[in-house]
*Asks:* 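Can you read through this structure? Questions will come right after.
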Amino acid sequence: MSRPSHVRDAIRELLMSSVRHDWSADDVLEELKARAVPADFSSVCRGLAHLERAGAIRRVNLGDTRTRYEASGGHHDHVRCERCGRVAEVPGCVAEAAHHPVETATGFHITGHSLLFFGVCHRCARQRQAS
């Protein structure tokens, strides 16, 4: 059984109550400091790793080099703005219908997937039109 951790508890609460899908360790640390939670970078990393192992949060690949996290829950894919980096959830699963054809073509048993769309968010599109 793991020891209680105020940092881990604060991270769990932060990610569970957030609509964000792109929390990096730096973002989490910055937000904890804004909430006056005493933490340092390594305690945030340990807390994220513990919560990921426990299944409370999951790692998200958003097509860049940063490790990012979101609260666990139902499967969904993401769309990321190629200008500002803003991330949104794609409702439902648009790739699920491809599992069977991929299995048939490759002989693999599909256990999951990660799909990331790229585009320009409405804010960046509006800014571009205003320029």
Side-chain angles (χ1 to χ4, degrees):
M1 179 166 231
S2 60
R3 301 184 322 219
S5 165
H6 73 281
V7 173
R8 188 172 55 232
D9 292 345
I11 294 170
R12 181 191 318 267
E13 194 281 321
L14 172 64
L15 270 68
M16 297 299 174
S17 66
S18 174
V19 296
R20 277 185 69 173
H21 298 268
D22 64 339
W23 288 98
S24 69
D26 290 324
D27 296 333
V28 170
L29 179 58
E30 185 178 317
E31 183 60 28
L32 293 183
K33 286 183 177 183
R35 295 177 179 204
V37 175
D40 60 24
F41 187 76
S42 69
S43 62
V44 166
C45 290
R46 285 191 307 272
L48 289 167
H50 176 85
L51 292 169
E52 183 181 13
R53 281 190 308 274
I57 64 173
R58 68 175 159 231
R59 196 177 297 226
V60 181
N61 180 355
L62 297 175
D64 59 9
T65 59
R66 297 180 78 187
T67 301
R68 298 170 187 271
Y69 299 89
E70 68 180 354
S72 290
H75 172 77
H76 59 268
D77 298 305
H78 298 94
V79 60
R80 182 171 63 99
C81 180
E82 47 198 30
R83 294 215 174 103
C84 71
R86 184 171 178 227
V87 175
E89 174 182 335
V90 176
C93 180
V94 298
E96 193 169 317
H99 282 203
H100 182 69
V102 170
E103 287 179 334
T104 302
T106 65
F108 279 68
H109 172 70
I110 303 301
T111 59
H113 68 269
S114 175
L115 180 62
L116 176 63
F117 292 94
F118 295 92
V120 179
C121 72
H122 67 279
R123 286 186 230 165
C124 289
R126 202 170 40 234
Q127 286 174 350
R128 186 173 184 183
Q129 289 173 349
S131 300

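Hydrogens, waters and symmetry mates play no part in the numbers below; they use all other heavy atoms, side chains included.
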*Asks:* Main chain of R8, side chain of R46: is a donor-acceptor contact present, judged purely on distance under 3.5 Å?
*Replies:*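 No, R46 side chain to R8 backbone: no donor-acceptor pair under 3.5 Å.
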*Asks:* Within the distance-only criterion (no hydrogens, no angle test), does the side chain of H21 pair as donor or acceptor with the backbone N or O of L62 below 3.5 angstrom?
*Replies:*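 Pair absent, no side-chain N/O of H21 close to backbone of L62.
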*Asks:* With a 4.5 Å limit on heavy-atom distance, are the side chains of V87 and R68 in contact?
*Replies:*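 Side chain of V87 against side chain of R68, heavy atoms only: no contact under 4.5 Å found.
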*Asks:* Is there a donor-acceptor contact under 3.5 Å linking the side chains of E70 and H78?
*Replies:*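 On atom types as modelled, these side chains qualify, holding a pair under 3.5 Å.
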*Asks:* Are the charged groups of E13 and R35 less than 4.0 angstrom apart, N to O?
*Replies:*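 A salt bridge is present here (some side-chain N lies under 4.0 Å from a carboxylate O).
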*Asks:* Tell me the closest heavy-atom pair linking A95 and L115, and the distance in Å.
*Replies:*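 For A95 and L115, the tightest heavy-atom pair comes out as CB-CD2, 4.0 Å.
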*Asks:* Count the heavy atoms of every other residue, nucleotide or ligand shown that sit under 6.0 Å from CD of E96, and state whether that count exceeds 12.
*Replies:*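 No.
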*Asks:* Looking at D26 and R66, is there a salt bridge between them, counting it only when a charged N and a carboxylate O are closer than 4.0 Å?
*Replies:*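 Looking at D26 together with R66, the answer is yes, because their closest N to O distance falls below 4.0 Å.
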*Asks:* Between NE2 of H6 and OG of S43, what distance do you get to the nearest 0.5 Å?
*Replies:*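 These two atoms lie 6.5 Å from each other.
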*Asks:* Between L116 and G63, what is the shortest heavy-atom contact and its length?
*Replies:*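 Closest approach of L116 to G63, heavy atoms only: CD2-N, 3.4 Å.
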*Asks:* Quick one: are I57 and E52 in side-chain contact, heavy atoms under 4.5 Å?
*Replies:*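 The answer is yes, as the side chains (C-beta and beyond) meet within the 4.5 Å cut-off.
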*Asks:* So do the side chains of Y69 and V28 get within less than 4.5 Å of each other, counting heavy atoms only?
*Replies:*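 No; the side chains remain at least 4.5 Å from each other.
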*Asks:* Tell me whether the count of non-hydrogen atoms from other residues, nucleotides or ligands lying under 6.0 Å of CD in E82 goes above 12.
*Replies:*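 Counting neighbours around CD of E82, more than 12 heavy atoms of other residues, nucleotides or ligands fall under 6.0 Å, so yes.
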*Asks:* Which atom names give the shortest non-hydrogen contact between F117 and V94, and what distance separates them?
*Replies:*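 Closest heavy-atom pair between F117 and V94: CZ-CG2, 3.7 Å.
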*Asks:* Between A125 and V120, what is the shortest heavy-atom contact and its length?
*Replies:*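 Result for this residue pair: N-CG1, 3.7 Å.
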*Asks:* Should R80 and D22 be marked as a salt bridge (charged side-chain N to carboxylate O under 4.0 Å, His left out) after you check the CA-CA gap, both sets of side-chain angles, and the distance that decides it?
*Replies:* CA-CA 10 Å; R80 182 171 63 99; D22 64 339; over 6 Å; no
*Asks:* Taking all heavy atoms of G73 and all of R58, pick out the closest pair and write down the distance.
*Replies:*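 Heavy atoms only, the tightest pair is O-NH1, 3.1 Å.
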*Asks:* Regarding R86 and H122, is there a side-chain donor-to-acceptor distance under 3.5 Å anywhere?
*Replies:*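 Yes, because at least one side-chain N or O of R86 sits under 3.5 Å from a partner of the opposite role on H122.
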*Asks:* In the structure I gave you, are the side-chain heavy atoms of H75 and H113 within less than 4.5 Å of one another anywhere?
*Replies:*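 Yes, side chains in contact.
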*Asks:* Which pair of non-hydrogen atoms, one from S72 and one from G55, has the smallest distance, and what is that distance?
*Replies:*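 Closest pair (atom of S72, atom of G55, distance): OG-O, 2.8 Å.
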*Asks:* Is the shortest heavy-atom distance from the side chain of H50 to the side chain of R53 under 4.5 Å?
*Replies:*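 Counting from C-beta outward, H50 and R53 do come under 4.5 Å.
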*Asks:* Between I11 and V44, is any pair of side-chain heavy atoms under 4.5 Å apart?
*Replies:*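 SC-SC contact between I11 and V44 confirmed.
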*Asks:* So how far is it from L51 CG to L15 CG, rounded to the nearest 0.5 Å?
*Replies:*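 Going from the CG atom of L51 to the CG atom of L15 covers 8.0 Å.
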*Asks:* What distance do Q127 atom CD and C84 atom SG have between them, rounded to the nearest 0.5 Å?
*Replies:*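 Rounded to the nearest 0.5 Å, the CD-SG separation comes out at 8.0 Å.
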*Asks:* Examine L14 and F41 and state if one hydrophobic cluster contains both, with Ile, Leu, Val, Met, Phe, Trp and Tyr joined whenever side-chain heavy atoms are less than 4.5 Å apart.
*Replies:*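 Linked within one cluster.
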